[in-house]
Each structure stands twice: as structure tokens, then as C-alpha cells.
Amino acid sequence: QVQLVESGGGLVQAGGSLRLSCAASRRTVSMYSSGWFRQAPGKEREFVAAISWSTGSTNLVDSVVGRFTISRDNAKNTVYLQMNSLKPEDTAVYYCAAGSSTSQAMDARRVNYWGKGTLVTVSS
């Protein structure tokens, strides 16, 4: 079993930055890509970003393009989400996820592994 542990959440003012980290206990063939989802109160969990462990290719939801960057450190089995120019509407619990393919890692219904989440609060 793979464990994903997120860190880096917190309270920040609008326009500020945070970096989230997701450390995996190990990587397996069922973890071709890893990514981030978020869930705001009363809303469904939505895809934010994903990255391939092998190629480094990335996918981001339109609402964060130009503000968020996803990266990975293969040696540390860790994925990062650098969030800049944060807005109050970015407030949510952010979840790390992993899937056997990039399409799986982008679909909350098909993700293989989930972290427990880290709260990001952006004040106006």
C-alpha cells in the first residue's frame, strides 16, 4: 500500500504564495502520474494539476494556469504544488493523488491513492 502525505497548507493573504508538498511512501507501477485536487466547502472535489513521474509532463486546470506550478523530485518521491498570486476562491482542502496513468490522476473517480489533505485558506 502506498501512503501519500501532504504538507505546506496554511493561511495566506490574497496575492501571497504557498508551496504544498506530497511525499509518497514508495512508488509503484500504479503511480505513473501524481497530482493535486481541491475541495471547497459545499463543492465537489476538482482537479488542479498533475505530473508524470517519468516524463515530467504537466496538466493544469485553466483557473490556475499562470499562477500554479507542479513539479516532482523523483529521488524524494515528492510532488510539489507552487501556488502564487493566490485568490480567496483558491481556499480549499488540497488533496494529493496518484494514478496508473495521467488520465487517471486527473479523474477523482479513478485515482488509485489519496492523501488526507491539507487546508489552504486565502484571506481577502
**Request:** Could you grab the distance from atom CG of Leu60 to atom OG1 of Thr69, nearest 0.5 Å is fine?
**Result:** 7.0 Å
**Asked** Can you tell me how far OG1 of Thr78 sits from CD of Glu6, rounded to the nearest 0.5 angstrom?
**Response** 12.0 Å
**Qualifying residues under salt bridge (charged side-chain N to carboxylate O under 4.0 Å, His left out), relative to Arg38, sequence neighbours excluded** = Glu46, Asp90
**Request:** Determine which pairs satisfy side-chain hydrogen bond (donor to acceptor under 3.5 Å, both in side chains) with at least one residue from residues 114-124, sequence neighbours left out, and list them in order.
**Result:** none
**Fill in**
Value for CG (Leu20) from CD (Gln82), rounded to nearest 0.5 Å, stands at 9.0 Å
**Request:** Establish whether Met31 and Ile51 are linked, either directly or via other cluster members, by ILVMFWY side-chain heavy-atom contacts under 4.5 Å.
**Result:** yes
**Message:** Just to verify, what does Ser17 make a side-chain hydrogen bond (donor to acceptor under 3.5 Å, both in side chains) with, not counting sequence neighbours?
**Reply:** Asn84
**Item:** Worked verdict on Val122 versus Gln13 for side-chain contact (heavy atoms from CB on, under 4.5 Å)
**Value:** CA-CA 5 Å; Val122 184; Gln13 289 188 333; over 6 Å; no
**Message:** Could you check whether Arg72 makes a cation-pi contact with Trp53, meaning its NZ or CZ is under 6.0 Å from the centre of the six-membered ring and within 45° of the ring axis?
**Reply:** no
**Prompt:** What do the steps show when you test Phe37 against Phe47 for ring-ring contact (aromatic ring centres under 6.0 Å, His included), and what is the final call?
**Reply:** CA-CA 4 Å; Phe37 289 75; Phe47 167 76; 5.8 Å; yes
**Prompt:** Can you check side-chain contact (heavy atoms from CB on, under 4.5 Å) on Val79 and Ile70, steps first, answer last?
**Reply:** CA-CA 7 Å; Val79 174; Ile70 186 170; 3.8 Å; yes
Can you give me every donor-acceptor pair (side chain of residues 97-106, partner residue at least two apart or in another chain, under 3.5 Å) with its distance?
unit_1	atom_1	unit_2	atom_2	d
Ser100	OG	Asn112	ND2	2.7
Ser101	OG	Ser103	OG	3.0
Ser101	OG	Gln104	N	3.1
Thr102	OG1	Ser33	OG	2.9
Gln104	OE1	Ser100	N	2.9

**Request:** With rounding to the nearest 0.5 Å, note down the distance linking CD in Gln3 to OH in Tyr113.
**Result:** 11.0 Å
**Prompt:** Taking all non-hydrogen atoms of both residues, which atom of Asn77 and which atom of Arg26 are closest, and how far apart?
**Reply:** ND2-CA, 3.8 Å
**Prompt:** Checking side-chain contact (heavy atoms from CB on, under 4.5 Å) for the pair Val120/Thr91: CA distance, chi angles, key distance, verdict?
**Reply:** CA-CA 5 Å; Val120 172; Thr91 294; 5.9 Å; no
**Request:** Please collect all disulfide (SG to SG under 2.5 Å) contacts where either partner lies in residues 35-120, sequence neighbours excluded, each pair once.
**Result:** Cys22-Cys96
**Message:** The criterion is salt bridge (charged side-chain N to carboxylate O under 4.0 Å, His left out); which residues satisfy it with Asp107, sequence neighbours excluded?
**Reply:** Arg109
**Message:** Between Tyr32 and Tyr80, is there shared hydrophobic-cluster membership here, with clusters defined by ILVMFWY side-chain heavy atoms closer than 4.5 Å?
**Reply:** no
**Request:** Mind running side-chain contact (heavy atoms from CB on, under 4.5 Å) on Leu11 and Leu119 for me, showing each step along the way?
**Result:** CA-CA 8 Å; Leu11 173 64; Leu119 178 62; over 6 Å; no
**Prompt:** Hey, what's the ring geometry for Phe68 with Tyr94, parallel, tilted or perpendicular (30° and 60° as the breaks)?
**Reply:** tilted
